[in-house]
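These notes are about the structure you will find just below.
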Amino acid sequence: ELYTNGMTARGIGKKYNVNGMSISYILKINNIPRRGRIETITKYKFNESKFDKIDTPEKAYWLGFLYADGCVHDKSRYLLSVNLALKDINHLEKFKIFMESNRPFYYKTRQRKQRNSKITHDVRIDFSGAVFVKKLIKLGITPRKSSTVRFPSKIIKKKFMSHFIRGYFDGDGCITFNKFNHKNKALTITSSIPFCKEISNYLKTYYHIKFRWTKGRSDNYATIACSRKEHMLIFRDLIYKQATVFLERKRNKFYQLDKF
């Protein structure tokens, strides 16, 4: 069923931790015809014009999300990859629907060298095409962007900026608190140094939300943090007002602040 719905034999093998050749053999003995390479390429479609104009809240949101979690390649192949933890597969499904795509998901289990060698389960979706990827690069989603990305104040209209910020926060933002200690709470955003400076200035100028700087992972990164509850609530109301798409687990956690 997965193969007939568009997933490759290799992709099925990765999902179930089985050699791709074994999947091919199963297809053969069950008389399931194999797809050729051209048929595979043309079978997968998506709307390449989705980001031609950032003129809706939903487009602004997903652009912000890609600023955080999108990875663009422009060398041997023009490719956009979005990789999330398997627990967030429903959110990746929302993006797939937004892109009007029938692209399959790819699954991977890996053991991190850091974080106590924790085993993680990821899910990924790819979109390829030179015109589409060049469009994203022009919008600020550049290859190896983590340490160079800039806040798109000249790209996103102010009426859509809160949706962009929500998208970025869902990717590279975090809210933490100890339910037994009301003082131990924080809203954080991690990005490049220029992005952190620009978004903190934007939020301070227009919404009087103040962030403090904390040390980043390296000299090229920074994390800004806000721990004043009234400012956290302003930020929450800003990004979730009239919101139709969001990462539900983060939104649910944000609204737990009302209990404090």
Side-chain angles (χ1 to χ4, degrees), residues 51 53-70 88 91 94-95 98 139-141 145-179 181-217 220-260:
F51 294 105
K53 291 183 179 180
I54 310 303
D55 53 3
T56 68
E58 192 175 19
K59 289 180 182 180
Y61 171 85
W62 286 117
L63 185 67
F65 193 78
L66 293 180
Y67 259 64
D69 280 342
D88 291 327
H91 201 61
K94 293 178 186 178
F95 181 59
F98 167 77
L139 286 170
I141 306 172
K145 63 178 170 51
S146 298
S147 61
T148 60
V149 66
R150 304 293 297 262
F151 187 66
S153 55
K154 296 181 180 180
I155 296 174
I156 308 294
K157 294 180 180 179
K158 187 175 183 294
K159 65 179 180 178
F160 298 131
M161 189 60 82
S162 62
H163 302 282
F164 172 89
I165 293 173
R166 184 176 70 257
Y168 192 87
F169 179 78
D170 278 350
D172 276 343
C174 184
I175 178 170
T176 58
F177 54 79
N178 184 333
K179 58 184 177 182
N181 180 356
H182 296 182
K183 295 182 180 180
N184 189 16
K185 57 186 178 297
L187 154 67
T188 60
I189 297 173
T190 299
S191 189
S192 68
I193 290 176
F195 187 98
C196 284
K197 286 182 178 179
E198 291 156 3
I199 192 173
S200 60
N201 287 339
Y202 177 89
L203 291 170
K204 181 179 179 180
T205 299
Y206 290 106
Y207 302 100
H208 309 292
I209 302 172
K210 295 182 181 179
F211 285 86
R212 68 178 187 277
W213 284 73
T214 61
K215 187 178 181 180
R217 293 171 291 177
N220 297 321
Y221 300 92
T223 296
I224 54 175
C226 172
S227 56
R228 293 181 61 178
K229 182 180 177 180
E230 57 267 36
H231 287 191
M232 294 172 70
L233 293 178
I234 294 172
F235 181 88
R236 183 192 70 182
D237 293 343
L238 167 69
I239 65 172
Y240 291 118
K241 182 180 181 181
Q242 299 179 334
T244 59
V245 56
F246 43 80
L247 190 58
E248 292 182 9
R249 62 178 176 83
K250 285 193 178 180
R251 182 181 183 276
N252 292 342
K253 191 169 184 179
F254 230 139
Y255 275 88
Q256 291 181 35
L257 279 176
D258 291 334
K259 298 178 182 179
F260 295 163

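This one's a predicted model, so the numbers in the text were calculated from it and none came from an experiment.
By the side chain to side chain contact (heavy atoms under 4.5 Å, CB included) test, T176 pairs with C174, A186, sequence neighbours left out. Remark: F164 pairs with Y67 by the ring-ring contact (aromatic ring centres under 6.0 Å, His included) rule, at least two apart or across chains. For F169, the ring-ring contact (aromatic ring centres under 6.0 Å, His included) test picks out F235, F254, with sequence neighbours left out. Residues satisfying the ring-ring contact (aromatic ring centres under 6.0 Å, His included) test with F95, not counting sequence neighbours, are W62, F127. Listed by chain and residue number, nothing satisfies the side-chain hydrogen bond (donor to acceptor under 3.5 Å, both in side chains) test with D69 (two or more places apart in sequence, or in another chain).
Annotation for L66 and K145: closest pair O-CE, 3.5 Å, computed over non-hydrogen atoms. Minimum heavy-atom separation, V149 to P194: O-CB, 4.3 Å.
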Donor-acceptor contacts under 3.5 Å from residues 201-210 side chains, at least two apart:
residue: N201; atom: ND2; partner: K197; partner atom: O; Å: 3.1
residue: T205; atom: OG1; partner: N201; partner atom: O; Å: 2.7

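The CG atom of L63 sits 12.5 Å away from the CD atom of E58 when rounded to the nearest 0.5 Å. Atom-to-atom distance recorded for I199:CD1 and I165:CD1 is 4.5 Å, nearest 0.5 angstrom. Atoms NZ and NZ, on K157 and K53 in that order, are 8.5 Å from each other to the nearest 0.5 Å. Here the straight-line distance linking atom NZ of K154 with atom CD of E198 works out to 9.5 Å at 0.5 Å rounding. Considering CZ of R249 and CG of D170, their distance stands at 8.5 Å, rounded to 0.5 Å.
Outside the 6.0 Å centre-distance limit, the rings of F98 and Y61 are not counted as a close aromatic pair.
Counting heavy atoms of neighbouring residues, nucleotides and ligands inside a 6.0 Å radius, atom CD of E230 exceeds 12 of them.
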